[in-house]
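Have a look at the structure below before the remarks.
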Amino acid sequence: TAITLKAGENSIEVTAKDLGVTWGNPELAEKAVNLGRTGNPIARYKEKKDLEKGDKVFVLSYAIDESKTAALLKEHAKELDQEAQDNGLTRENGQFTFVKGHEGIKVNAEKSIEQIASHMQNQWDGKAASIELSAKLVEPRGSEEELAEVKDLLGGYSTNFSSSSAGRAKNVRNGASKINGSIIYPGEEFSVHDAVVPFNAENGYELAGSYENGTTVETYGGGICQVSTTLYNAVIRAELEITERSAHSMIVSYVEPSMDAAISGEYKDLKFKNSTKYPVYIEGYTDGGIIHFNVYGKETRDANREVEFVSETTGETDPGVKYVADGTLQIGTISTQQSAHIGKKAKLWKVVKVNGKEESREVFNTSNYQASPKIVRVGTASDSQDAINAVMAATIQAAAAANCTAARDAAAAQQAAEAAAAAAAAQPAEPAQPEQPSQPEEDSNKDDKKDSDNKKDDKQDNTKEEENNKESND
C-alpha cells in the first residue's frame with residue numbers, strides 16, 4: 001500500500017514497511033477473542049445478544065518506528081527539499097541588472113515524524129494515504145536593496161594566454177565562464193576548485209599540458225591554474241581574505257613568482273572569504289587571448305590609499321640538462337622532450353601607500369618552485385651493438401658534462417653534449433640518420449597536474465621542496 005509523503009510540490013511514495021509500521025493496540029485481539037466469554041453471566045449474555053444484532057467493531061491503531069522514519073526522511077531529503085535560488089546580478093555593457101530568484105522548501109524532520117505518527121495512529125485505515133509533512137519556506141539571499149550596493153570595482157587583474165594550444169585556451173575560457181557571475185555574501189568562503197570541477201569532457205574541458213612529477217603531461221583541464229591565478233590577483237587587490245593558496249611546483253610564465261595560485265585535485269585550491277560587510281560580485285571573461293577578472297562590491301577604503309604587490313626572487317637553482325637514451329628513436333636522433341624550468345624561491349610583498357607615500361610593506365606570501373631540467377632524448381635504435389654502446393657512452397659523458405658545468409655555462413655544456421652524442425652516433429658501423437625535428441617544447445603556460453602536496457595557507461611558507469613534486473592544471 002502506497003503512502004505519499006508531501007512537502008509543497010515535492011513528494012515521495014513509501015510503504016508501511018518503510019516506516020516500520022506496527023500494530024499500536026495489540027491488546028484488542030485478546031478482547032475480541034474473549035468477547036462473551038468473560039465476566040459475570042449477565043454481562044456475557046448481553047455481549048452475545050449484541051453480537052446477534054451486529055458486529056462488534058474494534059478500532060485498530062498503528063505505530064511507526066521513529067528512528068526508521070527519520071532515516072527515511074534523511075535519505076530522501078534531496079527529493080523533498082527544494083533549494084532556494086538566490087537573487088542575483090548580471091553585468092552587461094557596464095551595468096548591473098537584478099535577477100530575481102525563488103523560495104525554497106526545507107522539511108522539518110522532527111515535526112514531520114510527529115505528523116506521520118499521528119496520522120498512522122488516528123486516521124490510517126490500511127489503505128493508500130497522503131500525509132503533508134511539516135516544512136518551512138526558505139527565502140532567497142540578496143534583496144534588491146542589498147545587491148544595489150554592488151557597484152564599485154574593488155580589484156581587477158588580467159593575464160595573457162594567447163600562446164596557448166587550442167585545448168588549453170578552451171579550458172581557460174571554460175573556467176572563467178564557470179566563475180563569472182558568482183556572488184559571495186559577507187563571511188562566505190568561495191572555492192575555485194568547487195566552482196570549476198569536474199575536469200572532464202562532459203564539463204567542457206579538453207586535454208592540455210599539466211605539471212606532474214617535474215614533467216609536463218596531458219590532462220583534462222590543463223590551463224585552469226591560469227584562471228585561478230588571475231582571479232587570485234584580482235582578489236588580493238580587492239583585499240578580500242585569502243584562506244587557502246598554494247604555489248605551483250614549478251615556475252609559470254604568465255605571472256611573476258609568488259603571484260600564482262595552483263589548483264590540483266583536492267590537495268591545492270584557491271579559497272577566499274568575503275571579509276567585507278557587503279556582497280561581492282565576480283566578473284570573469286576572456287577577450288582574445290586575455291583573461292580578465294574583476295571583483296565588484298561597495299568600496300569602503302580611503303580614496304587616497306593605494307595597494308600594490310611586488311614580487312621578489314630570493315634564490316635560483318639552475319635546472320641543468322638531462323639526457324635520456326631512447327630505444328624507440330633511430331640512432332643519432334636528438335629530440336627535446338621538455339624545456340627547462342629554473343628553480344626559484346620568492347616572496348610577494350604587499351605595499352600600502354597613502355597619498356603616494358609608502359605606509360607599510362609586509363610579506364604577503366612565500367613560494368618555492370623546484371628546478372626541472374631540460375630533457376633531451378638520444379636515439380639508440382640500431383642493429384649495431386657497437387654503435388649503441390658508443391651512443392650510450394656519449395650520452396653518459398654528455399650528461400656528466402652538463403651537470404658539472406651547469407653553474408658556469410649550462411648553454412655551452414648543452415651544445416657540447418648534443419654534439420658529442422651526435423658524433424658518437426655518426427660512426428661507420430651504423431650510418432647516422434638525419435636529425436629529426438625536435439618535439440615542440442612545452443610552454444610553461446601549459447602546466448597543470450595531479451598533485452599530492454599538502455594544502456598551504458596563503459601566508460604559509462612553501463619551503464619544503466620535496467612537497468612540490470606533483471601538481472596539476474597549471
- Please determine if K298 and D152 form a salt bridge, counting it only when a charged side-chain N lies under 4.0 Å from a carboxylate O. no
- Is there a donor-acceptor pair under 3.5 Å between the side chain of T314 and the backbone N or O of K345? yes
- Does the T15 side chain pair with the main chain of D18, one donor and one acceptor, at a distance under 3.5 Å? yes
- In terms of the angle between their ring planes, are Y296 and F96 parallel, tilted or perpendicular, with boundaries placed at 30° and 60°? perpendicular
- Message: Under a 3.5 Å threshold, yes or no: a donor from one side chain and an acceptor from the other, between S372 and Q338?
- Response: yes
- Task: Starting from the C-alpha separation in whole Å, work towards a yes-or-no answer on ring-ring contact (aromatic ring centres under 6.0 Å, His included) for F199 and Y205.
- Result: CA-CA 6 Å; F199 297 121; Y205 292 104; 5.2 Å; yes
- Task: Check the side chains of T366 and N368 for a donor-acceptor pair under 3.5 angstrom, ignoring hydrogens and angles.
- Result: no
- Message: Does any part of the side chain of F190, heavy atoms only, come nearer than 4.5 Å to the side chain of I179, both counted from C-beta?
- Response: yes
- Give a yes-or-no answer on whether the side chains of T230 and T159 include a donor-acceptor pair shorter than 3.5 Å. yes
- Mark yes or no for whether N274, through its side chain, and T276, through its backbone, hold a donor-acceptor pair below 3.5 Å. yes
- Taking R168 for the side chain and N171 for the main chain, is one N or O donor matched with an acceptor at less than 3.5 Å? no
- Message: Regarding E188 and R141, does a basic nitrogen lie under 4.0 Å from an acidic carboxylate oxygen?
- Response: yes
- Between T380 and L329, is any pair of side-chain heavy atoms under 4.5 Å apart? no
- Message: Using a strict threshold of under 4.0 Å (side-chain N to carboxylate O), is an ion pair present between K68 and E66?
- Response: no
- Task: Evaluate the side-chain proximity of R237 to L154: yes if any heavy-atom separation is below 4.5 Å, no if none is.
- Result: no
- Message: Determine whether a donor-acceptor pair (N or O, by modelled atom type, separation under 3.5 Å) exists between the side chain of N108 and the backbone of K136.
- Response: no
- Message: Are there over 12 heavy-atom neighbours, none belonging to E83, within less than 6.0 Å of that residue's CD?
- Response: no
- Counting N and O atoms only, with roles assigned by atom type, does the side chain of S228 sit under 3.5 Å from a partner on the main chain of A261, one being a donor and the other an acceptor? yes
- Query: Does any non-hydrogen side-chain atom of V378 lie less than 4.5 Å from one of V324?
  - Reply: no
- Message: Do E146 and P279 make a side-chain contact, defined as non-hydrogen atoms from C-beta onward lying under 4.5 Å apart?
- Response: yes
- Message: Quick test of your reading of the model: are K353 and E358 salt-bridged, counting only N-O distances below 4.0 Å?
- Response: no
- Message: If the threshold is 4.0 Å, N to carboxylate O, is there a salt bridge linking K350 and E362?
- Response: no
- Query: Will you find, in the side chains of S258 and S367, an N or O donor that is under 3.5 Å from an N or O acceptor?
  - Reply: yes
- Please check if the side chain of N93 supplies one atom and the backbone of Q95 the other of a donor-acceptor pair under 3.5 Å. no
- Item | Donor-acceptor contact present, side-chain N203 to main-chain P198, <3.5 Å | yes
- Give a yes or no on whether the backbone of G284 and the side-chain of N180 come within a donor-acceptor separation of less than 3.5 Å. yes
- Task: State yes or no: are the ring centers of F309 and F364 separated by less than 6.0 Å?
- Result: yes
- Query: Side chains of E110 and I113: does their closest heavy-atom pair fall under 4.5 Å?
  - Reply: no
- Message: Side chains of Y281 and I184, heavy atoms from C-beta outward: is any pair under 4.5 Å?
- Response: no
- Would you check if the side chain of T286 reaches a backbone N or O of I291 as a donor-acceptor pair within less than 3.5 Å? no
- Indicate the atoms forming the closest heavy-atom contact of K6 with T4, along with that distance. CG-CG2, 3.8 Å
- With D260 as partner, the option from K344, R245, K268 fulfilling salt bridge (charged side-chain N to carboxylate O under 4.0 Å, His left out) is R245
- Would you sort out whether R305 and E239 count as a salt bridge (charged side-chain N to carboxylate O under 4.0 Å, His left out), showing the intermediate values? CA-CA 12 Å; R305 182 178 178 275; E239 295 188 89; 2.6 Å; yes
- Is E189 salt-bridged to K273, going by a charged N under 4.0 Å from an acidic O? no
